[in-house]
Amino acid sequence: MKVKSIIALCLFFCLGNSAFAQERYSILIKGGHVIDPKNQIDQVMDIAIAEGKIVKVDKHIEGEAVQVVNAEGLYVTPGLIDIHGHHFFGTEPNSYLRNSFTALPPDGFTFRTGVTTVVDAGSPGWRSFETYKNQTIAHSKTRVLVFLNIIGEGMRGGAYEQNMNDADPKMAALVARQNKEYIVGFKVAHFEGYDWTAVDRTVEAGNLANLPVMVDFGGAEPPLPLSELLLNHLRKGDIFTHCYTQLPGREFIVDTLTKKVKPFAWEAKKQGRYFDVGYGGASFAFSQAIPAIKEGFYPDGISTDLHTGSMNAAMKDMLNVMSKFLVMGMDLSKVIAVSTWQPAQVIKREELGNLSVGTEADIAILALKKGDFGFFDRVGYKITGKEKLECEMTIRAGEIVYDLNGIAYPIVVTK
Ligand SMILES: [Zn+2]
C-alpha cells in the first residue's frame, strides 16, 4: 500500500512537472533576430504567443505551439506604427481626403509592410468622426487611431479647410474625450494665410483634451517663420510633420545654402517638439533629409502620409521609406525604433511599439534584402543602396495576418 501511494505521488509530480514544462502556445517564433528598442533587445531570441499576447521572450523557448514560425535570418520587431496616413475612404466626389476616393483602406496597405497600427493624420474632424468610425475603424483589422482635424468637416479640401468658423476647439476636444480609445491628438493642415489662428485653435483643443497636436504647416507668402511655430506656438510633445519638406510657401529646417540644420530646429528638438516624416506625394526632399541625417537630426516617427497621390509615387510604402533612412546612414535598430517605440511614445500609447511580456502580440518579421536598389524623391533625386527591407510576416493581436513565403508551420491561410 505504502509503495503504491509513493509511486502514485511520484507519477503525480512527474506528470505535473512535465505538463508545466510543455506549455502550449498559439505561435512560437524561433531563431529570429529580435529588435525591441523599448526593452533594449537586439539579438537572436524566441518569442512565444498565447491568447493574443506575448507570453515569453527568451533565448530558447521549448514547448508545443499550434504554429511554429521559422524566423532564422530575419528580423523580428514590434508591429510598425505609421503615424501619418489618410484612411477616410469613401465615395463622395470632390472631397479630397474626407470620405473620398483619394483616401485608402488601411488593411490593403498595412500588413504587407509590417504595419499593425496607423494613425490617421486629420482626415476626419469632429463632424465627420462618427462616419469615420463606422466606415474605416469598424472595417479594419489594422489598429486605427486618429489625430482629429481642427476643422469640423475634416480634410474636405479647398475652401472648407480655410473656414475658421468651422475650427472649434471645444467641439474637437469634446469628441476626443468621448472617443479616447481612438483619438490620440489633433491636426491642423493646409491652412494658408499669414496668421496663427488655425495653429492656436488646434493647440487650444490640445490643452482642453490634454493631447498633442500635429502640424502640417500649410503655406503662406511670405512663409510664416518656422522658429515661431516650433518655439512659441507649439508645446512640449507637439509634432511637426513633413519635417524634411522643401516646398514653396514654407520655411525648411535645413539651410539650403550652408546645408546645416538651423539652430532653432535643434533647440525645438531639445525642448521636446517631435519631428515626423509624413512622406506623402511632395513632402519629402533628399536635399533636406540627407544633410539632416548626416548631422544626426533624426525623425521621431517615420511615416508614409499614405493616399492615392503617394502610394505609387516616390513614397510607395512604409518599408520603402524606412529603407531610405537606412541608406542615408541611420542604423537598422534606430530605424526600427523610430517606426515602433518612439512613435508609440509620441502618441502616448506606451502599450504599443514594444515586445514586452503581456502586451498584445503585434509583430513584424522583416527581411533585409541585399542587392542593388534605387530610391528617389519627388524631384527625381536618386540615391542607391545595397539593402532594402521587405516584410516576411505580420502578426496582429496574436494572429498571423500576412505570410509572404509561408514561414509558419502549419501554414494557415487567413482571409
Ligand atoms: Zn497628410
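Residues take their numbers from the sequence shown, with the count starting at 1. Values reported hereafter were calculated over all heavy atoms of this structure, with side chains retained and with hydrogens, waters and symmetry mates removed. Indexing begins at 1, ligand by ligand and atom by atom, following the structure's order. Owing to the predicted nature of the structure, the values given are computational and were not obtained by experimental measurement.
- For the residue pair D46 / H60, no side-chain donor-acceptor distance below 3.5 Å is found, with atom types taken as modelled.
- Look at K270 and E267 and you find a salt bridge, because one of the NZ, NE, NH1 or NH2 atoms lies within 4.0 Å of a carboxylate O, short of that distance.
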Task: Evaluation steps, side chain to side chain donor-acceptor pair (under 3.5 Å), between K324 and Y279 - done: CA-CA 11 Å; K324 290 181 183 190; Y279 197 106; 2.7 Å; yes

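- Looking only at distances, no side-chain donor or acceptor of D276 sits under 3.5 Å from a matching main-chain atom of H84.
- The aromatic rings of F286 and F284 stand perpendicular to each other, their planes meeting at an angle above 60°, with 30° marking the opposite boundary.
- Protein N/O/S atoms closer to the Zn ion (ligand 1) than 2.8 Å number 3 in this structure.
- Between the side chains of H307 and T102, not a single donor N or O lies within less than 3.5 Å of an accepting N or O.
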